[in-house]
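Worksheet: the structure to be examined is printed underneath.
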Amino acid sequence: MSLLELTRKLMEECDASRNRFLKMRELGATPNFFEEVKPYADKIHQLLIDWKELAIQWIEEHRPKYIHIQQIQNVVESMDKFVVESFYKETSKKRFFQSVHSVSFILSTLLRDLEEKNREEENNH
């Protein structure tokens, strides 16, 4: 999967985590950690590992103005955490939404840069 596709997928996961969090609070549900939470979180974690590697390579190659390697590492840490937290109604709503918002912001900034570079490359060919 390309960096562009992975970034879009992670943005979708931000929305999915938000929706899951609200649904779990509404239902007052408590999921089974080993049957529901862990397998799902592991799947997202693998996407994050793949994304991080490609994103760091891309940053080193293109030197974008507004995205830095530290932000990529922060996305991975935050997202690993909030994906799991999204399953639990006890999670602090304010902190959860702040985490999702900051990750979404970094992902959308990267996505904008990626799409811009793609357009430039297409116009040069």
Side-chain angles (χ1 to χ4, degrees):
M1 213 179 297
S2 73
L3 179 57
L4 190 63
E5 292 168 319
L6 282 168
T7 304
R8 285 183 179 138
K9 208 167 195 49
L10 292 177
M11 285 189 71
E12 288 169 11
E13 181 52 39
C14 286
D15 289 338
S17 288
R18 258 191 230 102
N19 294 336
R20 183 181 321 103
F21 175 74
L22 292 171
K23 185 178 174 196
M24 293 308 234
R25 282 178 80 104
E26 189 182 302
L27 298 174
T30 304
N32 181 302
F33 180 77
F34 291 103
E35 288 176 18
E36 291 175 68
V37 181
K38 189 175 182 335
Y40 190 84
D42 288 347
K43 184 179 84 179
I44 300 302
H45 181 70
Q46 189 55 56
L47 285 177
L48 285 164
I49 289 170
D50 297 345
W51 175 80
K52 178 182 173 181
E53 188 178 311
L54 292 173
I56 289 173
Q57 274 177 354
W58 192 84
I59 288 169
E60 289 172 346
E61 230 174 88
H62 297 278
R63 300 275 179 225
K65 198 183 266 187
Y66 301 109
I67 296 281
H68 307 286
I69 290 172
Q70 183 59 51
Q71 290 169 297
I72 300 303
Q73 291 161 335
N74 291 347
V75 164
V76 172
E77 288 171 25
S78 293
M79 206 160 181
D80 264 339
K81 197 172 175 185
F82 77 61
V83 165
V84 171
E85 290 174 342
S86 71
F87 283 88
Y88 296 98
K89 62 185 185 287
E90 301 81 15
T91 298
S92 161
K93 188 175 182 179
K94 184 179 179 188
R95 200 187 76 239
F96 176 80
F97 280 108
Q98 285 173 337
S99 294
V100 175
H101 179 74
S102 70
V103 165
S104 295
F105 179 78
I106 294 166
L107 290 173
S108 62
T109 303
L110 177 61
L111 191 60
R112 194 177 54 242
D113 285 355
L114 289 168
E115 288 169 342
E116 195 176 296
K117 290 279 187 237
N118 273 5
R119 277 193 299 279
E120 287 172 12
E121 287 172 10
E122 285 171 8
N123 291 338
N124 292 335
H125 287 107

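No hydrogens, no waters, no symmetry mates; every other heavy atom, side chains included, goes into these values.
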Quiz item: Is there a path of hydrophobic side-chain contacts, each under 4.5 Å between heavy atoms of I, L, V, M, F, W or Y residues, that connects Ile44 with Met1?
Solution: yes
Quiz item: Asp50: what forms a salt bridge (charged side-chain N to carboxylate O under 4.0 Å, His left out) with it, not counting sequence neighbours?
Solution: none
Exercise. Test Met11 against Ser108 for side-chain contact (heavy atoms from CB on, under 4.5 Å), laying out the working first.
Key: CA-CA 8 Å; Met11 285 189 71; Ser108 62; 3.8 Å; yes
Quiz item: With hydrophobic residues grouped by side-chain heavy-atom distances under 4.5 Å, do Tyr40 and Phe33 end up in a single group?
Solution: yes
Practice problem: Grab the two heavy atoms, one from Ala41 and one from Val83, that are nearest each other, plus how far apart they are. | Solution: CA-CG1, 4.2 Å
Quiz item: About how many Å separate NE2 of His101 and CD1 of Ile106, when rounded to the nearest 0.5 Å?
Solution: 10.0 Å
Quiz item: Out of curiosity, Lys52 NZ to Ile72 CD1, how far, rounded to the nearest 0.5 Å?
Solution: 10.0 Å
Quiz item: Ser17 side chain to Cys14 main-chain N or O, any donor-acceptor pair under 3.5 Å?
Solution: no
Quiz item: Hey, what do you get for CG (Leu27) to CG (Leu22), rounding to the nearest 0.5 Å?
Solution: 11.0 Å
Self-check item: Connected via hydrophobic side-chain network under 4.5 Å: Met24 and Phe34
Solution: yes
Quiz item: Leu110 and Leu114: side-chain contact (heavy atoms from CB on, under 4.5 Å), yes or no, with the steps?
Solution: CA-CA 6 Å; Leu110 177 61; Leu114 289 168; 3.9 Å; yes
Self-check item: From Gln70 atom CD to Gln73 atom CD, the distance as rounded to the nearest 0.5 Å
Solution: 5.0 Å
Self-check item: Residue pairs passing the salt bridge (charged side-chain N to carboxylate O under 4.0 Å, His left out) test where at least one lies in residues 7-19, sequence neighbours excluded
Solution: Arg8-Glu115, Glu13-Arg20, Asp15-Arg18
Practice problem: Determine which pairs satisfy side chain to side chain donor-acceptor pair (under 3.5 Å) with at least one residue from residues 28-38, sequence neighbours left out, and list them in order. | Solution: Thr30-Lys89, Lys38-Asp42
Quiz item: Looking at CG of Leu6 and CG of Leu111, how far apart are the two atoms once the value is rounded to the nearest 0.5 Å?
Solution: 11.5 Å
If you look only at distance, which donor and acceptor atoms sit under 3.5 Å apart when one is on a side chain in residues 53-60 and the other is two or more places apart or in another chain?
from, atom 1, to, atom 2, distance (Å)
Trp58, NE1, His62, NE2, 3.3

Quiz prompt | Verify same cluster id: Ile69, Leu10 (apolar side-chain graph, 4.5 Å) | solution = yes
Under 3.5 Å, which donor-acceptor pairs do the side chains of residues 91-100 form with other protein atoms, sequence neighbours left out?
from, atom 1, to, atom 2, distance (Å)
Thr91, OG1, Glu85, O, 2.9
Thr91, OG1, Tyr88, O, 3.0
Ser92, OG, Arg95, N, 3.4
Arg95, NH2, Glu85, OE1, 3.4
Arg95, NH2, Glu85, OE2, 2.6
Ser99, OG, Arg95, O, 3.1

Practice problem: With sequence neighbours excluded, tell me which residues meet side chain to side chain contact (heavy atoms under 4.5 Å, CB included) with His68. | Solution: Gln71
Self-check item: CG on Leu4 to NZ on Lys117, rounded to 0.5 Å
Solution: 14.0 Å
